[in-house]
Amino acid sequence: MSFRARLALVAAAAVALAIVAASFAVYFIVKDQLRAPIDDSLRHSAVDIQHTPPDDILRGLFHLTAQLGGAPGYPQVVKPNGQVIAIGSRTTPLPVDDRDIDVARGQSSTFLRDAHVSGIHVRMITFPVGGVAVQVVRPLNEVDHSLSRIETWLILIALAGIAIAAALGLLVARAALAPVRRLTATAETVTHTGDLSQRIDAGGHDELARLAASFNAMLEALEESTRAQRQLVADASHELRTPLTSLRTNIEVLASDRTLPPGERERLLNDVVEQLGEMTTLIAELIDLARGEQHVAEPEEVRLDLLAADAVERARRNQPKVTFITDLHESTVHGVPSTIERAVANLLDNAAKWSRPGENVEVGVDNGAVTVRDHGPGIDDEDLPYVFDRFYRARAARGLPGSGLGLAIVRQVARAHGGSVVAEHAEGGGTRVVLRLNGASNNS
Ligand code: ATP
Ligand code: MG
């Protein structure tokens with residue numbers, strides 16, 4: 001059964017239940033209201049008769065006065081031995097049972113009950129008067145007739161109500177589920193066409209509008225990530241083509257011209273080895289980037305100061321021409337050590353690359369942040385906004401080795417750790433880059 005049908009059914013069932021309950025209540029109230037006057041008039045008759053002298057009663061000499069033109073009722077006297085005395089010329093006997101005889105004997109008090117006399121539904125009162133019991137009945141057929149008409153009407157009204165409730169339930173369900181249908185249609189279109197630019201009209205502030213808005217946001221995120229992936233692949237193939245072309249040229253020269261002077265041959269071979277090395281690095285960086293936010297390892301508590309000390313140690317070995325000065329304070333962050341290490345290494349690599357021989361590079365760690373500052377030429381203002389973009393290299397950098405992926409990786413690591421990275425001019429010249437990793441423990 002569809003959700004819409006279920007919703008309609010539940011709505012209709014709720015309304016139907018209310019209608020049926022109301023109908024029952026109306027029926028019983030009306031029944032009570034119709035029968036109460038009859039019981040009242042019977043009790044009145046009883047009081048009337050109780051004023052008649054007992055001898056007259058025994059001889060059946062009494063008659064009932066009608067109240068306000070109503071029916072006077074039909075009486076009968078019951079002796080304690082069960083014998084009945086008919087009143088006037090009437091001959092239809094009223095039913096007598098043990099309780100009536102108990103009343104005649106004075107063992108029971110006045111009571112009312114329903115009975116059938118010659119097939120007629122009646123209401124009967126039995127009460128004691130001077131050693132006998134008197135029964136008075138009044139027919140209930142008018143009341144029964146009214147009640148049965150009311151019953152028919154109530155059933156018809158209830159049925160109509162239920163039908164209307166079902167129809168309205170369907171309409172309500174259809175209206176309520178229209179946004180869900182639109183959502184489904186869009187999701188299906190996206191599935192079939194792979195077109196992530198689809199959006200749903202998410203007007204309003206209700207739950208479904210919020211669902212539509214989240215769905216749109218999800219599509220947007222997906223679209224953005226697909227776009228980023230395409231961009232990465234496009235950029236990467238473009239970047240790989242340049243070193244591949246020069247590699248190819250070098251190898252072709254080496255292969256075709258066997259008369260190259262040994263010095264030239266040596267230089268070309270060195271070039272080839274260097275270019276291969278660069279390409280290897282580039283490919284490794286690309287793989288890192290492509291892995292993106294998907295965590296390769298489980299995050300853990302990382303001592304940032306110790307990690308930085310290791311990275312500096314390695315940088316010292318690789319870059320003996322610069323002097324690394326450290327100021328490391330104990331600091332713990334929650335993160336993936338290998339990726340943080342990579343980011344710090346990239347920062348140290350840049351600082352060393354842009355320092356002149358003998359210059360200092362200052363590395364600080366404090367409160368979940370790594371600061372690397374060099375005394376090189378600094379980054380031009382026009383380059384500053386772009387240095388974290390993939391493959392971006394300032395004009396001045398074009399002559400130096402590198403692919404422009406280092407800082408992009410740093411930014412990716414920072415984001416994956418809920419942190420940030422900024423590059424700025426350092427006072428007195430040079431560049432300062434601050435990598436801030438969130439999740440720094442408070443006690444650090
Ligand atoms: P890769 O790191 O991929 O080998 P790269 O160092 O050129 O190449 P990034 O580390 O992303 O690339 O840096 C991007 C650009 O930012 C650099 O090309 C350079 O122009 C500029 N840059 C980065 N760090 C510094 C620095 N410490 N001083 C001056 N310029 C810098
Ligand atoms: Mg770099």
Side-chain angles (χ1 to χ4, degrees), residues 228 231-233 235-244 246 273-292 308 311-312 314-316 318-319 321-326 339-364 369-416 420-436:
Q231 185 69 38
L232 177 64
V233 171
D235 290 353
S237 30
H238 181 261
E239 289 302 311
L240 282 169
R241 203 171 297 142
T242 321
L244 266 179
S246 57
V273 170
E274 200 174 297
Q275 280 160 347
L276 277 176
E278 266 182 43
M279 269 183 64
T280 312
T281 319
L282 173 60
I283 288 169
E285 286 178 337
L286 273 175
I287 290 171
D288 257 20
L289 271 179
R291 280 206 187 110
V312 169
R314 239 171 290 128
R316 278 191 182 125
N318 295 338
Q319 318 272 356
K321 65 181 174 96
V322 289
T323 315
F324 288 93
I325 299 170
T326 54
T339 63
I340 301 176
E341 234 165 67
R342 178 91 204 216
V344 174
N346 284 355
L347 296 183
L348 297 177
D349 179 58
N350 281 355
K353 192 157 67 177
W354 295 93
S355 296
R356 283 172 289 261
E359 270 180 354
N360 291 343
V361 169
E362 287 122 40
V363 184
V370 184
T371 310
V372 178
R373 186 243 207 266
D374 62 55
H375 296 267
I379 304 174
D380 282 351
D381 279 333
E382 67 208 46
D383 296 322
L384 214 43
Y386 308 111
V387 289
F388 293 101
D389 291 352
R390 283 186 205 130
F391 301 113
Y392 187 83
R393 311 194 67 210
R395 187 174 295 277
R398 311 266 154 94
L400 289 168
S403 53
L405 286 177
L407 288 181
I409 291 172
V410 176
R411 182 170 64 176
Q412 183 167 289
V413 171
R415 284 183 179 167
S420 61
V421 57
V422 285
E424 59 198 13
H425 301 292
E427 57 280 1
T431 307
R432 188 203 337 267
V433 186
V434 184
L435 166 64
R436 199 168 290 287

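All of these numbers come straight from a predicted model, not from anything done at the bench. All residue numbers in this chain count up from 1 along the given sequence. Ligands are counted one by one from 1 in listed order, and the atoms in each one are counted from 1 as well.
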**Request:** Output yes when a side-chain donor or acceptor of Arg373 lies under 3.5 Å from a complementary backbone atom of Gly430, and no otherwise.
**Result:**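 Side chain of Arg373 to backbone of Gly430: no pair is present.
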Starting from [atom], locate the nearest protein heavy atom and write down its residue, its atom name and how far away it is, to 0.1 Å.
atom	result
atom 8 (O) of ligand 1	Gly404 N, 2.9 Å
atom 15 (C) of ligand 1	Tyr392 O, 3.7 Å
atom 25 (C) of ligand 1	Trp354 CD1, 3.5 Å
atom 7 (O) of ligand 1	Arg393 NE, 2.9 Å
atom 9 (P) of ligand 1	Leu407 N, 3.5 Å
atom 24 (N) of ligand 1	Asn350 ND2, 3.3 Å
atom 4 (O) of ligand 1	Gly402 CA, 3.2 Å
atom 27 (N) of ligand 1	Asp374 OD2, 2.7 Å

Contact atoms of ligand 1, heavy-atom distance to [X] under 4.0 Å:
X	answer
Gly378	29 (C)
Ser403	1 (P), 3 (O), 4 (O), 8 (O)
Val387	11 (O), 14 (C), 16 (O), 21 (C)
Lys353	4 (O), 5 (P), 6 (O), 7 (O), 8 (O)
Ala394	18 (O), 20 (O)

Hey, are the side chains of [X] and [Y] touching, using non-hydrogen atoms and a 4.5 Å cut-off?
X	Y	result
Asp349	Gln319	yes
Trp354	Thr431	no
Leu244	Met279	yes
Val433	Asn350	no
Gln412	Thr339	no
Val372	Val434	no

Is the closest N or O pair between [X] and ligand 1 shorter than 3.5 Å?
X	answer
Pro377	no
Leu405	yes
Ala397	no
Asp349	no
Ile379	no
Ala408	no

**Prompt:** Between His425 and Asp381, is a side chain to side chain contact (heavy atoms under 4.5 Å, CB included) present by the stated rule, with each step listed?
**Reply:** CA-CA 9 Å; His425 301 292; Asp381 279 333; 2.6 Å; yes
**Salt bridge present between Arg395 and Asp383 (N-O < 4.0 angstrom)** =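 The answer is no: the pair does not qualify as a salt bridge.
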**Asked** Can Glu427 and Arg432 be counted as an ion pair, charged N to O under 4.0 angstrom?
**Response**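 Answer for the salt bridge query: yes.
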**Prompt:** Under 2.8 Å from the Mg ion (ligand 2), is there an N/O/S atom belonging to Asn346?
**Reply:**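 No, since none of the N, O or S atoms of Asn346 sits under 2.8 Å from the Mg ion (ligand 2).
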**Request:** Check Gly406 against Asn346 and note the closest heavy-atom contact, atom names and distance.
**Result:**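 Reported closest heavy-atom pair: O-ND2, 3.1 Å.
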**Message:** Other residues, nucleotides and ligands only: do more than 12 of their heavy atoms fall within 6.0 Å of CD on Glu424?
**Reply:**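 Correct, the count exceeds 12.
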**Request:** State whether the number of non-hydrogen atoms from other residues, nucleotides or ligands found under 6.0 Å of Arg436 atom CZ is greater than 12.
**Result:**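 Counting neighbours around CZ of Arg436, 12 or fewer heavy atoms of other residues, nucleotides or ligands fall under 6.0 Å, so no.
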**Prompt:** At a 4.0 Å cut-off, with the gap strictly under it, does some heavy atom of Asp383 reach an atom of ligand 1?
**Reply:**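 No, that is not the case, since the closest heavy atom of the residue is not under 4.0 Å from the ligand.
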**Asked** At a non-hydrogen distance cut-off of under 4.0 Å, which region of Leu282 contacts ligand 1 (side chain, backbone, both, or neither)?
**Response**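 It is neither; nothing of Leu282 touches ligand 1.
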